[in-house]
Amino acid sequence: MRLAETLKERIRRAGPISVADYMEACANAYYAKGDAFGAGGDFITAPEISQTFGEIVGLWCAVTWQALGSPKAFRLIECGPGRGTLMADALRAAARVPGFKDAARIHLVERSAKLREKQREALKGEVVSWHDDIDDVPLGVAIVVANEFLDALPIRQWEKTGRGWIERAVDVNASGAFRFTRGAARDLDIPLAISADAKEGAIFETSPAVIGWTRALANRLVEHGGAALVIDYGHTATAVGDTLQAVKAHRYHSALEDPGEADLTAHVDFEAVGTAAREMGAKVFGPVPQGGWLARLGITVRAAQLAAGKDELKAKEIEGAVRRLVAPDGMGLLFKVLAFTHPALEACEGFEQDAAR
Ligand code: SAH
C-alpha cells in the first residue's frame with residue numbers, strides 16, 4: 001500500500017497526527033527508495049556538487065584529530081551519509097595526514113538499506129560498520145560529521161492562537177486530501193522571548209529529535225572525547241517561521257501531496273542545537289556561514305589546484321561548482337556550520353571569525 005493510503009487509514013482510525021509523526025513516516029518511506037540524490041534525483045547536496053566539499057571536511061577531520069592529540073584509534077562517524085560521496089572524498093584527502101587513516105574506524109549511521117548499498121560501493125576497499133542510530137556506535141574518541149542530516153529529522157510545529165500555542169497536525173478532509181489542522185497538544189515550553197513577540201497565526205518549530213541527537217552526542221563527546229561537525233541550512237537565532245518544505249525533482253512541492261515521494265525537510269535551529277550541546281558541557285564553535293568556513297579551510301586554493309591543467313570547460317565547471325558552495329546567493333549564507341567538542345579542545349579549524357563561547 002502507498003504511504004498516502006496507510007496514513008489516511010491511520011488518521012481515520014485514530015484522528016489527526018502531529019507534523020512530526022507525518023514527517024517521520026514520509027522520511028522513512030522516502031529514503032528507503034534510495035534514489036533521491038544527484039542531477040537525476042530530487043535534490044543535490046554539497047558533496048554531490050563538488051568533490052572539494054568532502055575533501056575540505058576530510059581535512060577538518062584530520063586537523064581536529066591532531067588537535068585531539070592524534071589518538072591511535074578513534075571512531076570516524078558520519079550520520080546520514082547519502083551516497084557515501086562525502087566520506088569517500090574526505091578519506092582520500094585526509095589520508096595525506098600521516099597516521100590519520102590507520103587510526104580511523106569508520107562508522108556510518110544510516111537506516112536505508114538501499115543507501116547502505118550505495119555507500120558500500122562508494123567506500124569499496126574500506127572497512128565500514130553500519131548502525132541505525134548513533135547510540136549504537138561503540139564508545140571511544142569520536143569525530144562525527146553530519147551534512148544535511150538534521151534537516152531530515154522530524155519537527156513539531158506550534159501555532160499561536162487566541163488560546164495559546166497549539167500543535168499543528170495533519171488531517172484528511174471530506175474529499176480525502178491531506179490538510180493541516182489544530183491538534184490537541186498545547187505547549188507550555190515555547191521560549192518567552194518568542195512567545196511575547198509572536199502574532200496570532202505565527203508558527204514556531206521545535207525538534208525533539210534534533211535536540212535529542214545533539215544532547216546524546218554532546219554527552220558522549222564530553223565523556224569520551226572528540227568533536228562533531230554539523231552542516232545544514234537553517235537559522236543562527238531561534239525565530240518563528242514555517243520552514244517545512246518538500247522538494248521533488250529539484251522543485252518545491254506541497255508538503256502534503258504525495259507523502260513519501262518528495263524530500264520533506266525543515267530548517268535547523270542552530271541556536272537550539274548550540275544551547276543543547278552547551279548544556280551537556282560541550283564547547284560550541286559557530287554557527288558560521290558555510291561560505292566563509294569553506295574559504296578559511298582553503299576551498300578556493302583546492303579548486304584552483306583541481307582546475308590547473310584541465311581544459312577550459314572543465315576548469316570553469318570546477319570553479320562554478322565551488323562558487324555555488326560559497327557564494328552568498330548560492331549555499332554560502334543559507335547553510336551554516338557548527339561544531340561541538342570536548343571542552344578541552346582549544347581551537348577549531350574554520351571558526352576563527354567566531355570565538356568559542
Ligand atoms: N549527507 C548526505 C545525504 C543527506 S540526505 C549528503 O550530503 O549528500 C539525509 C540522509 O540521512 C540520508 O542518507 C538518509 O537516509 C539519512 N537519514 C534520514 N533520517 C535518518 C535517521 N533518522 N537515522 C539515520 N539516517 C537517517
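In this text the structure is predicted, and so the values were computed from the model without any measurement. Atoms within each ligand, like the ligands themselves, are counted from 1 in listed order.
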Exercise for the section: Tell me which one of Phe43, Phe149, Phe53 gets a heavy atom nearest to atom 25 (N) of ligand 1. Expected result: Phe149
Practice task
Examine ligand 1 and decide if any of its atoms is less than 4.0 Å from a heavy atom belonging to Ala27.
Solution key: no
Problem - Heavy-atom nearest neighbour of atom 3 (C) of ligand 1 within options Gly34, Gly80, Cys79 - result: Gly80
Exercise for the section: If you have a sec, work out which protein heavy atom is nearest atom 13 (O) of ligand 1 and how many Å separate them, to one decimal? Expected result: Glu110 OE1, 2.6 Å
Handout entry: NZ/NE/NH1/NH2 to OD/OE distance under 4.0 Å, Arg220 and Asp135
Key = no
Handout entry: Fellow cluster residues of Phe204, listed by chain then number, with links counted only when side-chain atoms sit under 4.5 Å apart
Key = Trp158, Trp165, Ile190, Ile194, Val240
Practice task
Check for a donor-acceptor pair, side chain of Thr6 on one end and backbone N or O of Arg2 on the other, with a separation under 3.5 Å.
Solution key: yes
Exercise for the section: Give the residue, atom name and distance (to 0.1 Å) of the protein heavy atom nearest atom 7 (O) of ligand 1. Expected result: Asn147 ND2, 2.7 Å
Practice task
Select one of side chain, backbone, both or neither to describe which atoms of Ala209 lie under 4.0 Å from any atom of ligand 1, heavy atoms only.
Solution key: neither
Exercise for the section: Sort and list the pairs that fulfil side chain to side chain donor-acceptor pair (under 3.5 Å) and have at least one residue in residues 97-115, not counting sequence neighbours. Expected result: Arg75-His107, Lys101-Glu126, His107-His131, Glu110-Gln119, Arg111-Asp133
Practice task
Kindly indicate whether a cation-pi arrangement holds for Lys8 with Phe178, taking the cut-offs as under 6.0 Å to the six-membered ring centre and within 45° of the axis.
Solution key: yes
Handout entry: Whether Leu86 lies under 4.0 Å from ligand 1, heavy atom
Key = no
Handout entry: Under 3.5 Å: N/O of Gly82 near N/O of ligand 1
Key = yes
Practice task
Identify, for atom 5 (S) of ligand 1, the protein heavy atom at the shortest distance, and state residue, atom and that distance.
Solution key: Phe37 CE2, 3.5 Å
Problem - Residue and atom name of the nearest protein heavy atom (relative to atom 19 (N) of ligand 1), distance in Å to one decimal - result: Leu153 CD2, 4.1 Å
Exercise for the section: Consider only side-chain heavy atoms of I, L, V, M, F, W and Y, link residues closer than 4.5 Å, and tell whether Val326 and Leu59 are in one cluster. Expected result: no
Exercise for the section: Report yes if Thr45 has an N/O atom closer than 3.5 Å to an N/O atom of ligand 1; otherwise report no. Expected result: yes
Completion exercise
Ranked by distance from atom 4 (C) of ligand 1, the top protein heavy atom is Glu148 O, 3.3 Å
Handout entry: Check: Glu48 N/O within less than 3.5 Å of ligand 1 N/O
Key = no
Handout entry: Per-residue contact class, Asp133 against ligand 1 - non-hydrogen pairs under 4.0 Å
Key = neither
